[in-house]
Undergrad: 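I have a structure I would like to understand better, so I am pasting it below and will then ask my questions one at a time.
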Amino acid sequence: MFRILIRQKLPLEKFHEKFAVQLNDTHPAIAIAELMRLLVDEYVMPWPQAWHVTCKTFAYTNHTLLPEALERWSLAVFGRVLPRHLQIIFEINAHFLEEVRIRFLGDEARISRLSLIDESGERYVRMAHLACVGSHAINGVAALHSELLKSDVLKDFYEMWPHKFSNKTNGVTPRRWMVLSNPRLSDLITEHIGDGWIKDLSQLKRLEPLAEDAGFRSRWREIKQHNKRQFAAVTLTRTGIVADPDSLFDVLVKRIHEYKRQHLKVLHIVSLYHAIKSNPSLAVQPRTFIFGGKAAPGYHLAKLMIKLITAVGEVVNRDPDVRGRLKVVFLPNFNVTNGQRVYPAADLSEQISTAGKEASGTGNMKFSMNGALTIGTLDGANIEIREEVGAENFFLFGLSAAEVYDYKARGYRPMDYYNANQGLRDVIDLIRSGFFSRGDTELFRPLIDGLMHEDPYLLFADFQSYIECQAKVDAAYRDTERWTRMAILNTARSGKFSSDRTIREYCKDIWHIEPVPINLLTHAEAGSA
Ligand SMILES: *Cc1c(COP(=O)(O)O)cnc(C)c1O
């Protein structure tokens, strides 16, 4: 980059006018210290000028609201591996804390909260703080997330520099997540509104009137049915489990994590299973529950959640009493390739994280674009999806982020919910009894005891609301025409969630760049040139 500037005979003081660096989370935040090192050590630029250039160059996108996920690097290791960078970070910190001291006279608590160095125990570099201090722009990836950064996670930085903060709601590319992965639906759309939507997703709006066209709805259903059959074939090869394409495909695919609450989905399945066992003639909407996702290597509870899913699956899939009604599939090795097969085959998109924990989510967008209906909490981009598709085309349940905060502040007691709710008690007791673990009452204890005594992600508080909302899903699905209308409107109103829109916002508000018109030669012109 320096070589380019030098060749163009531009001074390094103009570096930030020619280059922008977007820190995609804190992992590359060390680049702030590295640019300072290059400017100050290699190009002998005075510190204040180098700092000006650096801050104007960098911008930071935060991706998590979980405080335990904020990156910290041990000072001891840092000093051994990158001693000069650590010196530079100390120098940045000294200048920064001086500024804090002048702004907030004598507020020592604030100074230690804001410091780039965590000195509460063993000393660490707080990489998110380095990213905030060294960037001219800071953003979250959904409206709620950006608000929570300002009011909670990065509150002190917001009070220091409110002008740095903005929101950039995530998006996904319709080229991969519709055209490539769902060619039949894409062709149907193009047949009716032309292919302009592929580069301008807002044009999907033109599908809205077609929701009232019975012929269009019928073709829409045929395509969904085709996608479900194709996916069932994949499932059969991978797992040996037969999934009925006429059942409701209820899909929860994403990284396995307590805050994403895959175990809440399991509580729903066990609750249906228990209801059928208690009353074998019970009429229930047949469903295939499809899970996919990886757990981080050392995250034992996440591994145990996978075990719980497959253990419940083994019992449910074998039980003749529920045959033709409930099936549970855990699709191994969930990745983008498998994602491309599963999102287009979904009827129901499960977005059930504890409100205030999911930064944005992007799976939620892929589902909605492909005509799956969402059951979800008011979390991350779910809120914006619901605003776009309309509350009547979205299945909402659970506490809001503000209510979650209140519950925790007042002292949440999951046991009270267990004691008060027979349905919840039946489910928890069945798992605890070893019914899904061949009589082993110890296997799922860490998970179940955790819920009974702590339940940090409020599964018990949201359980009843989730179960009742799922009953509404059943009723809506039974009305095939109504369901198809809702599905079409989901796709028609998903234009906002194109990454083209997101990138345009970064261009305009953060990078200050404009599109460069390029004259693409046609084939004929290229030939005669
Ligand atoms: C889209 C996608 C995700 C993100 O899913 P969320 O539901 O937003 O957590 C994760 N993994 C893969 C393979 C994906 O395609």
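As the structure is a prediction and not an experimental result, all values here were calculated from the model.
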Undergrad: Establish, for the pair Arg229 and Phe231, whether the NZ or CZ atom is under 6.0 angstrom from the six-membered ring centre and no further than 45 degrees off its axis.
TA: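 Negative - Arg229 is either too far from the ring of Phe231 or too far off its axis.
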Undergrad: Suppose we call two aromatic rings close when their centres sit under 6.0 Å apart. Are Tyr417 and Tyr412 close by that rule?
TA: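 Between Tyr417 and Tyr412, the centre distance is under 6.0 Å.
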Undergrad: Quick one: which of Arg287, Lys228, Lys224 gives a salt bridge (Lys or Arg N to Asp or Glu O under 4.0 Å) with Asp347?
TA: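 Going through Arg287, Lys228, Lys224 one by one, the salt bridge (Lys or Arg N to Asp or Glu O under 4.0 Å) with Asp347 is satisfied by Lys228 alone.
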Undergrad: Check the side chains of Arg341 and Gln230 for a donor-acceptor pair under 3.5 angstrom, ignoring hydrogens and angles.
TA: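 The answer is no; no qualifying pair exists.
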Undergrad: Using the test side-chain contact (heavy atoms from CB on, under 4.5 Å), find all partners of Arg504 that sit at least two apart in sequence or belong to another chain.
TA: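 For Arg504, the residues satisfying side-chain contact (heavy atoms from CB on, under 4.5 Å) (neighbours in sequence not counted) are Asp500.
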Undergrad: Tell me whether the guanidinium CZ or amine NZ of Lys357 lies under 6.0 angstrom from the six-membered ring centre of Tyr259 and within 45° of its axis.
TA: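 No, Lys357 does not sit over the ring of Tyr259.
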Undergrad: Ion pair present between Lys327 and Asp244, side-chain N to carboxylate O less than 4.0 angstrom?
TA: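 So Lys327 does not pair with Asp244 through a salt bridge.
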Undergrad: Tell me whether Lys472 at atom NZ has more than 12 heavy atoms from other residues, nucleotides or ligands lying less than 6.0 Å away.
TA: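 Atom NZ in Lys472 is not crowded, with 12 or fewer foreign heavy atoms closer than 6.0 Å.
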Undergrad: At their closest point, which heavy atom of Ala381 faces which heavy atom of Gly361, and how far apart are they?
TA: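 Answer, listing the atom of Ala381 first, then Gly361: CB-O, 4.3 Å.
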Undergrad: Nearest 0.5 Å, please: how far is NE2 in His63 from CG in Leu23?
TA: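 Interatomic distance, Leu23 CG to His63 NE2, rounded to 0.5 Å: 10.0 Å.
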Undergrad: Just checking, any donor-acceptor pair under 3.5 angstrom between side chains of Tyr299 and Glu258?
TA: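 Looking only at side-chain atoms, Glu258 and Tyr299 do form a donor-acceptor pair, the distance falling under 3.5 Å.
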Undergrad: Is it true that Thr61 and Asn24 share a donor-acceptor pair across their side chains at a distance under 3.5 Å?
TA: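 Per modelled atom types, Asn24 and Thr61 side chains form no pair under 3.5 Å.
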Undergrad: Mind checking what makes side-chain contact (heavy atoms from CB on, under 4.5 Å) contact with Ser151, not counting sequence neighbours?
TA: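 Leu148.
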Undergrad: Of all residues at least two apart in sequence or in a different chain, which pass the side-chain contact (heavy atoms from CB on, under 4.5 Å) check with Asn333?
TA: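 Testing Asn333 for side-chain contact (heavy atoms from CB on, under 4.5 Å), a comparison that skips the adjacent residues, returns Lys294, Asn335, Asn338.
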Undergrad: Evaluate whether atom CD of Glu392 has more than 12 neighbouring non-hydrogen atoms of other residues, nucleotides or ligands under 6.0 angstrom away.
TA: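 Buried by this count: over 12 neighbours within 6.0 Å.
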Undergrad: Please determine, by modelled atom types, if His145 and Asn62 share a side-chain donor-acceptor pair under 3.5 angstrom.
TA: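 Side chains of His145 and Asn62: pair found under 3.5 Å.
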Undergrad: Starting from the C-alpha separation in whole Å, work towards a yes-or-no answer on side-chain contact (heavy atoms from CB on, under 4.5 Å) for Ser146 and Phe165.
TA: CA-CA 8 Å; Ser146 296; Phe165 285 75; over 6 Å; no
Undergrad: Please determine whether a side-chain nitrogen of the Lys or Arg among Lys265 and Asp250 lies less than 4.0 Å from a carboxylate oxygen of the Asp or Glu.
TA: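 Judged by the 4.0 Å cut-off on N to carboxylate O distance, Lys265 and Asp250 do form a salt bridge.
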Undergrad: Roughly how far, to the nearest 0.5 Å, is the OG atom of Ser349 from the CG atom of Asn370?
TA: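 These two atoms lie 10.5 Å from each other.
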Undergrad: Please report the shortest heavy-atom distance between Lys260 and Arg255, naming the atom on each side.
TA: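 Closest approach of Lys260 to Arg255, heavy atoms only: CD-O, 3.1 Å.
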Undergrad: Answer yes when Arg221 and Glu481 have at least one side-chain N-carboxylate O distance shorter than 4.0 Å, and no when they do not.
TA: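 Looking at Arg221 and Glu481, the cut-off is met.
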Undergrad: For Val322, which of Leu282, Val284, Asn317, Val316 qualifies under side chain to side chain contact (heavy atoms under 4.5 Å, CB included)?
TA: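 Passing option: Val316.
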